[in-house]
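A note on names: the letters A, B, ... follow the listed sequences, proteins ahead of strands, and every chain is numbered from 1.
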Amino acid sequence: MKYVDEYRSPEIAAQLSAEIAALADGGHHKIMEICGGHTHTIYRHGIEDHLPDGIELVHGPGCPVCVMPMGRIDDAIAIAEQPDVIMTSFGDMLRVPGGRGSFLDAKAAGCDIRMVYSPLDALKVARNNPDKRVVFTAIGFETTAPSTAATLLRAAAEGLENFAVFCNHVLVCPAVQAILDAPGQDLDGFLGPGHVSTVIGAAPYEFVARDYGKPLVVSGFEPLDILESIYRLLQQRVEGRAEVENQYTRVVPWEGNTRALEVIDRTMVPRDAFEWRGLGTIPDSALGLREEFAAFDAERLFDLPGAVVEDPRECQCDEVLTGQIKPWECGVFGTACTPETPIGTCMVSSEGACAAYYQYGRFNRAAATAGAGA
Amino acid sequence: MCLGIPGRIIEHVDPDNAIAKADVGGVRRNISVQLLEADGLSPEVGDWVLIHVGFAMAAIDEQEAAESFRRLAQLGQVYEDELAELAESDIE
Ligand code: SF4
């Protein structure tokens, strides 16, 4: 198993680190990892300890729970409060605080809210409870959107009349573009997300290189994948190139999963605009259900408050999600805001940057650079 | 939810609905293989796939699966939670 051994090899890691240091040549390079899964690998394996000082890794908006605005949580809870509704969603969603508390709070207050592993499990809840209205609060980037889409197609084929989706699927490219358009943005390149890209492929990121002159390398999740991707980013910078490269070819085809893209397209369309936590309202950045699926669309079936709810004053998730501050720079990190008592979304999901920093003991600047995660 | 976990297809349960049974680190549950059925190709018994929320999203090879398992196990609680949620799943 040469393949596996290569990934584990400390020698190759050391060699890559040395080559990265040579390419960095004492300069400063600010690289954003878009995906929360990469954040985990970076801290679990202390990747920063293998990098020269000039390479700064900042975390991006690629955690779907983290970017959910408070108002959408309140809307979901408003649906759950309607008579005869069973609300279903992924486990990660249950603790996300909205303006009026979380799903867990609503459940404690008497709402029927159930955690499901898959939208197909929510579909089964609907089949088993014909006298109830079963709603699935769908979240996620393009990684999970095809699953919701395929579930909708199945519900339609079965003629299920008591199943609906509260659709909160978001799109990765508009978020990256919003970050690139933000004033003061000084990023030098991106680690492209691995799993989203299994669906969309690598081609949709080409605007990053073409229009903004920044390199992007779609990366796998192994420590050596990340080191190799950083190496490739620096190589591009040194050679004055800006291109999209796919380091994760063993899982990500350049054109993505065409079947998955097709089921999304059959059931969903981009919304004109969607509010993101931390990034504001971004045009064409989220998916809603197509008119043909109106009978399954919780937004059409229920009256939603649809209010814009301000984040708590002490919450600095917006700055974390856009890479402006590190989690430990937030005033409430690790004190008032912990995974048990999250104030902001980035502490809720394991994919959130704050949760990752907390888990790996990166509580301050010293711990963040002292190799605490190795 | 965003964790892709490797699973090995062990049985085609309901081919009409593209439901197959997968072994995921010893947990055996039904998943949908519908999204890998482009061009009339369906994963076969014995194949490895990357699973997200009950759907096989990508075909992978055995080495990639082994390496992913090793990395996921290092995540500790995060991975255990994901497996526990999968164990609750009862897709038909
Ligand atoms: S510590 Fe909490 S409030 Fe502060 S940025 Fe992180 S999640 Fe948001």
- Task: Measure distances from A:E262 to the heavy atoms of chain B and classify the residue's part below 4.5 Å as side chain, backbone, both or neither.
- Result: neither
- Message: Report which part of A:N257 has an atom under 4.5 Å of a heavy atom belonging to chain B: side chain, backbone, both, or neither.
- Response: side chain
- Item | chain B contact via A:V199 - side chain, backbone, both or neither, heavy atoms under 4.5 Å | side chain
- Message: Please classify the contact between B:I31 and chain A as side chain, backbone, both or neither, with a heavy-atom cut-off of under 4.5 Å.
- Response: neither
- Note on the structure: When the 4.5 angstrom heavy-atom criterion is applied to A:V251 and chain B, the contacting part is both
- Indicate, with yes or no, if the rings of A:H195 and A:F141 have centres closer together than 6.0 Å. no
- Would you call A:D121-B:R29 a salt bridge at under 4.0 Å N-O? no
- Distance in Å, B:I51 CD1 paired with B:E82 CD, rounded so as to fall on 0.5 Å steps: 10.0 Å
- Item | Separation between CD of B:E92 and CZ of A:R127, rounded to the nearest 0.5 Å | 6.0 Å
- Query: By a 4.5 Å heavy-atom criterion (distance strictly below it), what part of A:M115 contacts chain B: side chain, backbone, both, or neither?
  - Reply: side chain
- Query: What part of B:L50 lies closer than 4.5 angstrom to a heavy atom of chain A: side chain, backbone, both or neither?
  - Reply: side chain
- Partner of A:Y43 under ring-ring contact (aromatic ring centres under 6.0 Å, His included), picked from A:Y358, A:Y360, A:Y357, is A:Y357
- Message: Tell me whether A:E222 is salt-bridged to B:R70, with the criterion being a basic N under 4.0 Å from an acidic carboxylate O.
- Response: yes
